[in-house]
Amino acid sequence: GCGKTTTLRLLAGFYPPTAGRIEIAGTVVSDIDRNIFVPPGKRQIGMVFQDYALWPHMNVFSNVAYPLKIAGAHPNEQRRRVKEILSIVRMSGFEERFPHELSGGQQQRIAVARALVSNPSVLLLDEPLSNLDASLRESMRVEIKNIHNKLGVTILFVTHDQAEAMSMSDRIVVMNEGTIHQIGTPEALYDTPGDEFVASFVGKASFFKVVRSNGEFFLHDEAADLPLRPVAGQVIGEPVKGLGCVKPADVQLTDDLSQGIRGEIESSLFVGDYVVYYIRIGSLRLEVKSPDRKYRTGSRVGMLFKRVVLF
């Protein structure tokens, strides 16, 4: 509901905008003030929909060749381009099959091939992996990145999945309720979020009150103010709102209760490569990811905050 799909459809020309200007590769395709509106078929855009939208009565070749056929390409050129693009998406030899004879991942590849066959300036992908299972989603992320590397086409990829956004993007736009909160590289958004929404959305984060006294930062709890000295040099921002946050992976656990901030483990989840610990500090509950499996419910631990972001 933040406006991701609406943005894609405005770019594609499916929705007429009510204000502003849209340019693609330097060409104005929509400008309300100048009464310019280029129809979708003339924008040099390829689009992959969430449900793939393959024509069930057409085989793979006909599905992929359709944009070329509509553009009036010669049959020999259609065959050449379809063969070339099916090779890129690793679907050579499937030309005679129909969509119902393909797996979900194969249908997704054909949808991508159809969007790319006419050499678009921009490829729009609207949550194309959401219908796939977890393992197939991961492999298709790699495939789409490989296609991008081979063709160099600009891809605008809409997703609500943080892992997809972080692993596939050169640049991420974080939106909420139609408003852009931050634009930046995955690293920048993760390490230096611009506000609380970005901090909580791009990777989980635990929030707490922060106070500053005599140049030092303290975690403020109902019982006491706990010094954040272990993160000296890794405090980012200023506590304008008196709010701080820490990512689960930015907390180091230690048996030495004299170090850092002490807490008690309430519960834990083993997820393979790491354990997620839920730790109570007075009225505050922190989520911590640690490769160390030894801590048990009820254990007292010290926590060293390696990086804290202030708002």
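Please read all numbers here as calculations on a predicted model, not as lab measurements. FYI, side chains are in, hydrogens and waters are out, and symmetry mates aren't considered; it's all heavy atoms of this structure. By convention here, the first residue in the shown sequence is residue 1.
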Using the rule that two of Ile, Leu, Val, Met, Phe, Trp, Tyr join whenever any of their side-chain heavy atoms come within less than 4.5 Å, decide whether Ile236 and Tyr190 are in one cluster.
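No, it is not one cluster - the side chains of Ile236 and Tyr190 are not joined through contacts under 4.5 Å.
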Non-hydrogen atoms of [X] and [Y] that approach each other most closely:
{"X": "Asp170", "Y": "Pro186", "result": "O-CD, 3.7 Å"}
{"X": "Ser267", "Y": "Thr297", "result": "CA-OG1, 3.9 Å"}
{"X": "Ser139", "Y": "Leu136", "result": "OG-O, 2.9 Å"}
{"X": "Ile144", "Y": "Phe157", "result": "CD1-CE1, 4.0 Å"}

Got a sec, which pairs hit ring-ring contact (aromatic ring centres under 6.0 Å, His included) with one end in residues 6-43, sequence neighbours left out?
none
What distance separates Leu286 CG from Met303 CE, expressed to the nearest 0.5 Å?
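Separation between the atoms: 5.5 Å.
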Atom pairs and distances, side-chain donor-acceptor, residues 48-60, under 3.5 Å, sequence neighbours left out:
from  : atom 1 : to     : atom 2 : distance (Å)
Gln50 : NE2    : Ser130 : OG     : 3.0
Asn59 : OD1    : Phe61  : N      : 3.3
Asn59 : OD1    : Ser62  : N      : 2.8
Asn59 : OD1    : Ser62  : OG     : 3.0
Asn59 : ND2    : Glu96  : OE1    : 3.4

Identify the residue among Val308, Leu310, Val211 that makes a side-chain contact (heavy atoms from CB on, under 4.5 Å) with Phe217.
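The option that passes is Leu310.
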Using the side-chain contact (heavy atoms from CB on, under 4.5 Å) rule, pick out the option among Asp292, Thr254, Ile279, Val288 that qualifies with Val301.
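Only match with Val301 under side-chain contact (heavy atoms from CB on, under 4.5 Å): Ile279.
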More than 12 heavy atoms from other groups under 6.0 Å of CD on Glu23:
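Above 12, so yes.
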Test side chain to side chain contact (heavy atoms under 4.5 Å, CB included) applied to Leu68 and Ser118, step by step
CA-CA 6 Å; Leu68 300 175; Ser118 54; 4.3 Å; yes
Thinking salt bridges, do Arg141 and Glu138 make one under a 4.0 Å N-O criterion?
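Looking at Glu138 together with Arg141, the answer is no, because their closest N to O distance does not fall below 4.0 Å.
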With distance as the sole criterion, is a donor-acceptor pair present between the side chains of Ser135 and Asp133 under 3.5 Å?
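A donor-acceptor contact under 3.5 Å links the two side chains.
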